[in-house]
Student: 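Dropping the structure in here first, questions after.
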Amino acid sequence: MFQPLDCADIYNDGNGRSGVYRIFPQGPNSGRYVYCDMDTERGKWTVFQRRMDGTVNFYRGWEQYKNGFGHAAGEYWLGLETIHLLTLKKNYELRVDMEDFSGARVFANYTSFSISPGAINAEVDGYKLHVSGFRNGGAGDSLSHHNGRKFSTFDKDQDAHSGNCASMYVGGFWYGECHTTNPNGIYMWGANDVKSACWHRWKNNYYSLKSISMKMRPVSLRSVESDNLFIGNN
């Protein structure tokens, strides 16, 4: 039985259409449904976070962010444990795609992405974010501030702020003091609020994005030409 680790394996097996597929991050009993973006920049992206219409409540506690929630065909969060397991098996890059309510689309790319690499127990380590190698696709760099941060939720505060960033900004994320992006904040259908799903370097901390998705792909899939694209344009 074919047990793909990620969307790159699915693509390489001959399934080149974007859609929902099943991956197996840790053997035959670990099947998880994910959305595979097979179209963007040569495809093969495993989407682990997606906001698009506000139908799913992202103000969730630790266990749900750890295990995942929502539906892969719509809005969802894949789960910290699954993301961690994937990054143990391969070296990944990260892409964040976003759109505003005027139809403008931009992205940010990071050439290295992992969750608590080398940790004996990733949960005890806080599912710490490791991201580097920013390349600009018009969005600017709003994620480097969160590099090295532990994940926080309203019931598990691991941020660097004296308060609870997850409670203050109504989401769950790798908060620092507190954020320069809040993709899991409130979906506000174009309203402006500091608690919104935002990306500061593009639209400031008050603009609620129409859509935002975070996706990962094995770094070996990048071409030499794309390596030289966007470098230093932040």
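Residues take their numbers from the sequence shown, with the count starting at 1. Side-chain atoms are counted along with the backbone in the values below, which use heavy atoms only and exclude waters and symmetry mates. Computed from a predicted structure; not experimentally measured.
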Student: May I ask you to decide if Trp62's main-chain N or O and Asp155's side chain share a donor-acceptor pair within less than 3.5 Å?
Tutor: yes
Student: Would a line drawn from the ring center of Tyr65 to the ring center of Trp77 be shorter than 6.0 Å?
Tutor: yes
Student: Who pairs with His146 by ring-ring contact (aromatic ring centres under 6.0 Å, His included), at least two apart in sequence or on another chain?
Tutor: Phe173
Student: Measure the shortest side-chain to side-chain distance between Gln64 and Thr153 over non-hydrogen atoms and say whether it is less than 4.5 angstrom.
Tutor: no
Student: Is the centre of the Phe107 ring less than 6.0 Å from the centre of the Trp45 ring?
Tutor: no
Student: Sequence neighbours left out, what pairs pass side-chain hydrogen bond (donor to acceptor under 3.5 Å, both in side chains) with at least one residue falling in residues 182-192?
Tutor: Gln49-Asn184, Tyr175-Asn182
Student: As an exercise, state the distance from OG of Ser112 to CG of Leu94, rounded to the nearest 0.5 Å.
Tutor: 10.0 Å
Student: Is it true that, when you exclude Asn204 itself, more than 12 heavy atoms of the residues, nucleotides or ligands shown sit nearer than 6.0 Å to its CG?
Tutor: yes
Student: Quick check: do Val34 and Cys7 have side-chain heavy atoms less than 4.5 Å from each other?
Tutor: yes
Student: With a 4.5 Å limit on heavy-atom distance, are the side chains of Lys66 and Lys156 in contact?
Tutor: no
Student: Can you tell which of Lys44, Gln3, Lys90 makes a side chain to side chain donor-acceptor pair (under 3.5 Å) with Asp9?
Tutor: Lys90
Student: Can the ring centres of Phe113 and Phe48 be said to be less than 6.0 Å apart?
Tutor: yes
Student: Do any N or O atoms from the side chain of Arg51 and from the backbone of Gly185 form a donor-acceptor pair under 3.5 angstrom?
Tutor: yes
Student: Between His71 and Ala73 (side chain of the first, backbone of the second, donor and acceptor by atom type, cut-off under 3.5 Å), is there such a pair?
Tutor: no
Student: Take atom CZ in Phe101; do more than 12 heavy atoms of anything else shown fall under 6.0 Å from it?
Tutor: yes
Student: Check side-chain contact (heavy atoms from CB on, under 4.5 Å) between Ser18 and all other residues, then give those that pass, not counting sequence neighbours.
Tutor: Tyr35, Asp37, Met38, Asp39
